[in-house]
Protein chains: 4
Amino acid sequence: MGAGAASGAGKAKRMPRAVREQQMLDAAVRIFGRRGYRAASMDEIAEVAGVSKPLVYLYLNSKEELFTAVIRREARALVSAVRAGAEPKAPADARLWAGLRAFFLHTAENPDGWSVLHRQARTHGEPFAAEVTVMREEMVAFVTLLIAAAAREAHSSEPELASRDVGGLAQALVGAAESLADWANATEGVSAKEAAATLMNFAWVGLGKLREGERWMPGGMPGGMLGG
Amino acid sequence: MGAGAASGAGKAKRMPRAVREQQMLDAAVRIFGRRGYRAASMDEIAEVAGVSKPLVYLYLNSKEELFTAVIRREARALVSAVRAGAEPKAPADARLWAGLRAFFLHTAENPDGWSVLHRQARTHGEPFAAEVTVMREEMVAFVTLLIAAAAREAHSSEPELASRDVGGLAQALVGAAESLADWANATEGVSAKEAAATLMNFAWVGLGKLREGERWMPGGMPGGMLGG
Amino acid sequence: MGAGAASGAGKAKRMPRAVREQQMLDAAVRIFGRRGYRAASMDEIAEVAGVSKPLVYLYLNSKEELFTAVIRREARALVSAVRAGAEPKAPADARLWAGLRAFFLHTAENPDGWSVLHRQARTHGEPFAAEVTVMREEMVAFVTLLIAAAAREAHSSEPELASRDVGGLAQALVGAAESLADWANATEGVSAKEAAATLMNFAWVGLGKLREGERWMPGGMPGGMLGG
Amino acid sequence: MGAGAASGAGKAKRMPRAVREQQMLDAAVRIFGRRGYRAASMDEIAEVAGVSKPLVYLYLNSKEELFTAVIRREARALVSAVRAGAEPKAPADARLWAGLRAFFLHTAENPDGWSVLHRQARTHGEPFAAEVTVMREEMVAFVTLLIAAAAREAHSSEPELASRDVGGLAQALVGAAESLADWANATEGVSAKEAAATLMNFAWVGLGKLREGERWMPGGMPGGMLGG
DNA sequence: TATGAATGAGGATTCATTCAT
DNA sequence: AATGAATGAATCCTCATTCAT
């Protein structure tokens with residue numbers, strides 16, 4: 001009780017607000033992530049946090065605000081993780097690779113937080129979905145940026161990819177990443193690195209060819225793009 | 001109101017069980033899709049269905065069974081739609097294209113059903129998630145099959161894609177499709193066809209190159225794959 | 001389907017009212033006896049009776065009336081059984097013995113009916129308890145009569161048992177019989193005859209001595225009645 | 001309303017859990033005893049207890065547990081009352097007499113509790129019946145013990161009563177007592193003491209004679225046991 | 001004679017939230 | 001800084017009962 005903050009789930013009483021708040025958010029992430037917003041009960045959250053219910057209300061006001069706080073904290077953590085991986089001066093492909101690795105690693109290490117962001121928050125009405133949308137747009141913007149950077153680095157003579165195409169591609173990439181994160185979390189023996197590699201290969205190679213002007217078209221060129 | 005049965009959404013009483021059941025499922029898809037499993041109330045479902053609550057219980061037994069019935073009906077409908085698009089004898093790329101188009105069309109036309117399948121069912125515990133997993137695996141299998149078929153049709157001399165790669169790719173593709181479906185649903189002015197095209201381009205081109213042996217590797221070939 | 005009434009649980013349609021009614025009462029005895037009045041559902045009764053619910057209402061009007069009808073039928077059956085055993089001209093002890101035997105036999109053979117009379121009917125409010133009270137009073141009266149008859153037959157010179165005493169004794173006897181019926185029903189290997197013998201021994205012997213003027217008194221005669 | 005805490009059944013708020021719990025149990029005994037398990041509503045119990053329904057659930061968890069708690073409390077109270085009356089060193093007849101008096105007094109003073117134990121608990125399925133069976137067996141054991149003690153005290157030379165006989169007798173006695181308790185409760189002007197005396201006379205005298213070897217037998221000794 | 005379709009009313013249980021200390 | 005005591009408002013589900021045929 002002298003110097004040093006208590007950490008862990010001990011039954012320490014009378015600790016500073018900031019610490020208590022984090023304990024509550026930790027508990028909330030866990031419960032919300034596992035049970036979902038509606039099924040999570042303030043009772044259980046308070047119990048897991050090791051405090052009384054009124055204290056949760058004193059600090060976080062309501063279930064809705066608590067959930068929002070959780071979403072924000074987790075979103076910030078994920079975005080930070082992804083950003084932290086990418087050195088600003090590295091080439092675009094290296095940055096994408098680093099970002100993907102960080103993404104899969106973070107989601108694998110924080111399954112409850114990932115569940116809150118990817119499943120729960122988007123599943124329950126407007127106050128929350130918006131919160132995640134903001135984060136997702138940051139992600140999409142990040143990827144869009146990298147695609148553009150890649151194009152610049154290639155200083156190719158081919159026409160730019162239309163910005164609408166870029167938007168769709170970024171969406172698809174982020175969606176694929178999200179889906180793979182779930183898959184990696186659920187599938188025994190699929191590591192974050194493998195998931196990242198799978199996606200990177202797929203994305204980068206396809207992206208390159210697209211830039212070279214190849215397209216698939218209904219009716220297709222005979223022999224198709226698969227032909228040798 | 002003389003002769004002739006009322007048809008349409010009117011307040012007709014006393015209709016055969018099968019009909020009433022579909023009305024209930026329609027209402028349930030809507031409410032579950034918009035509110036989520038927990039937040040949806042049997043009261044509201046009954047009201048929207050235009051019947052009393054006891055009748056809902058008489059026919060569908062419990063909230064859980066009702067939700068399961070909804071999931072099954074919607075899953076079946078989606079799978080059928082996707083399958084219906086693809087002529088069995090067409091080349092693999094045409095079949096994938098048709099499947100994607102059907103997928104985006106169906107999800108766009110049945111946003112509530114899509115929400116139930118993609119968001120709600122997977123968000124709430126084991127009885128339901130499993131139900132969707134079955135469907136999703138059907139989808140992944142379908143895509144995996146097409147990738148393999150594409151390879152065969154190309155009768156190229158290059159080595160087969162490793163089956164692990166194929167698994168990851170199929171996952172990524174399905175995930176990207178799911179994500180794009182949400183995006184198309186939420187974004188004004190993005191049609192199902194465009195979404196399908198974006199993904200098809202991305203997927204098919206990348207796939208072709210992958211089969212040709214191109215890979216992205218950490219550390220990368222200088223100049224990257226984007227270079228001309 | 002030709003001549004002869006269908007009996008048993010078959011699915012015969014269109015049978016005379018009297019028969020259908022008995023089927024319903026049979027089902028009702030069973031369900032009421034096992035579940036209790038409140039827990040028994042008209043649904044289950046109708047199902048066990050092999051008819052639709054509206055028919056039960058058509059014939060028996062309401063749950064309350066149905067239960068009353070059941071009580072009456074079972075009460076009548078039990079009283080008849082007890083009376084049937086006792087030849088009017090036999091000596092009092094023989095008649096009591098015969099009555100007891102019949103009682104224990106009937107309750108053993110109709111556990112559901114006995115449950116309805118002894119447990120369920122008396123447990124649920126006034127309309128029903130009264131119904132059983134009538135029957136019980138008949139029983140008590142029967143026993144009272146026998147005690148009196150026994151006294152007459154003994155044409156002893158000792159003073160009559162006070163009528164209040166007789167009342168209490170009859171109550172005690174009937175109560176003991178009821179209790180033993182439950183015990184015999186619940187205890188593996190205790191036959192109706194044994195139960196009857198136990199009670200008869202106990203009752204008749206005690207009765208005899210009481211008539212002879214022996215009494216137990218607080219403070220007791222030293223050595224007590226047990227002394228040799 | 002000035003200084004001083006309100007005591008009694010007033011609408012005092014905020015009292016310690018233990019107190020509130022007893023109030024709830026008091027209310028529950030009353031409602032369960034009068035209406036029966038199924039017909040009793042948690043709403044009414046809460047109202048009679050002077051609290052809100054959620055508080056009842058907070059403290060007693062469910063209707064089932066509440067009923068069980070009630071049964072246990074009442075059973076314990078009855079057994080204690082019966083035991084308290086009997087001085088361990090007194091002769092067997094005095095102990096039986098004291099026990100009977102206490103029994104009839106307690107049941108007369110707690111008709112709702114007695115109803116719960118004797119009627120309601122035994123009428124509704126297994127979780128509850130078992131609870132009472134335990135208590136009843138304690139009673140039977142108590143009586144059995146006294147019969148045996150009586151035999152010892154008499155140190156007579158006659159053969160012991162067979163243990164099976166003793167079992168049946170104890171059952172009959174307890175059953176008779178239960179039945180008389182109902183009768184005394186229902187009949188204006190029958191006091192606990194009178195009920196006890198009636199039974200004591202009947203039981204003790206009969207018991208004595210039985211020990212002396214008298215028996216009633218089918219076919220009987222001519223003239224019967226009633227004869228002088 | 002017989003039933004498929006339908007409901008009003010009520011009951012157990014849970015939950016987010018607030019007082020009073 | 002922290003909590004034991006307490007509740008209004010839903011929510012799921014069941015049941016006795018009735019129409020219309």
Side-chain angles (χ1 to χ4, degrees), chain A residues 12-17 19-20 38-46 50-66, chain B residues 12-21 38-46 50-66, chain C residues 12-17 19-20 38-46 50-66, chain D residues 12-21 38-46 50-66:
Chain A
K13 301 249 156 175
R14 305 248 154 198
M15 47 181 66
R17 172 161 182 159
V19 177
R20 272 274 193 261
R38 294 286 300 220
S41 91
M42 294 298 273
D43 261 304
E44 194 180 1
I45 291 173
V51 296
S52 71
K53 237 188 316 174
L55 200 59
V56 178
Y57 278 88
L58 189 61
Y59 287 173
L60 288 138
N61 304 317
S62 74
K63 196 184 190 185
E64 209 168 311
E65 283 188 38
L66 172 56
Chain B
K13 301 255 155 176
R14 297 257 147 193
M15 44 184 67
R17 173 169 181 154
V19 176
R20 273 280 191 256
E21 257 182 38
R38 297 285 302 225
S41 94
M42 295 298 272
D43 259 305
E44 194 181 1
I45 291 174
V51 297
S52 70
K53 229 186 326 172
L55 201 58
V56 179
Y57 278 91
L58 189 61
Y59 287 171
L60 287 138
N61 304 319
S62 72
K63 196 183 189 183
E64 207 167 312
E65 282 189 39
L66 172 55
Chain C
K13 301 249 158 177
R14 305 249 153 198
M15 46 181 65
R17 171 161 183 157
V19 177
R20 273 274 193 257
R38 294 286 302 219
S41 90
M42 296 298 273
D43 260 303
E44 193 180 1
I45 291 173
V51 297
S52 71
K53 237 186 319 174
L55 200 59
V56 178
Y57 278 88
L58 189 61
Y59 286 173
L60 288 138
N61 304 318
S62 73
K63 195 184 190 183
E64 209 169 310
E65 282 188 40
L66 172 56
Chain D
K13 301 255 154 174
R14 295 249 150 199
M15 45 182 68
R17 172 167 181 157
V19 176
R20 272 280 193 258
E21 257 183 38
R38 296 287 301 225
S41 93
M42 294 299 272
D43 260 304
E44 193 180 2
I45 291 174
V51 296
S52 70
K53 233 187 321 173
L55 201 59
V56 179
Y57 278 90
L58 189 61
Y59 287 172
L60 288 138
N61 304 319
S62 72
K63 197 183 190 183
E64 205 168 314
E65 281 189 40
L66 172 56

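Chain identifiers are assigned alphabetically (A, B, ...) following the order of the sequence lines, protein sequences preceding nucleic acid strands; residue numbering begins at 1 within each chain.
Residue whose closest nucleotide on DNA chain F sits further toward the 5' end, between A:Ser52 and D:Ser52: A:Ser52.
If you measure from atom CG of A:Leu60 to atom C1' of F:dA2, you get 15 Å, rounded to the nearest angstrom. One atom, CG of B:Leu55, and another, P of E:dT7, lie 6 Å apart when rounded to the nearest Å. When the C1' atom of E:dG4 is taken as reference, atom CD of B:Glu21 falls 14 Å away, rounded to whole Å. Atom pair D:Ile45:CD1 and E:dT13:P shows a separation of 11 Å (rounding to whole Å applied). In this structure, CG of D:Leu58 is placed 14 Å from P of E:dA16, rounded to the nearest angstrom.
C:Glu44 meets the salt bridge (charged side-chain N to carboxylate O under 4.0 Å, His left out) test with C:Arg35; sequence neighbours excluded. Every residue two or more places apart in sequence or in another chain was checked for a salt bridge (charged side-chain N to carboxylate O under 4.0 Å, His left out) with A:Glu65, and none qualifies. Here B:Asp43 pairs with B:Ser41, B:Lys53 under the side-chain contact (heavy atoms from CB on, under 4.5 Å) rule; sequence neighbours left out.
Rounded to the nearest 0.5 Å, atoms NZ (A:Lys63) and OH (A:Tyr57) are 8.0 Å apart. The line from CD of D:Glu21 to CE of D:Met15 is 13.5 Å long, rounded to the nearest 0.5 Å.
For the pair C:Met42 and C:Val56, the tightest heavy-atom approach, listed with the atom from each and the gap, is CE-CG1, 3.9 Å. When all heavy atoms of C:Leu55 and C:Arg20 are compared, the pair lying nearest together is CD2-NE, 3.9 Å. Of all non-hydrogen atoms in C:Ser52 and C:Ala46, the two that sit nearest each other are C-CB, 4.1 Å.
Counting any heavy atom pair closer than 4.0 Å across all strands shown, A:Arg17 reaches no nucleic acid atom.
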Exercise. Under a 3.5 Å cutoff on both atom distances, Watson-Crick or G-U, what's the dot-bracket for DNA chain E ([ ] crossing, | other strand)?
Worked result: .||||||||||||||||||||

For this session: Sugar-phosphate means primed atoms, P, OP1 and OP2; the rest is base. With that split, encode nucleotides 14-19 of chain F 5' to 3' as B, S or - using protein heavy atoms under 4.0 Å.
Result: BBSBBB

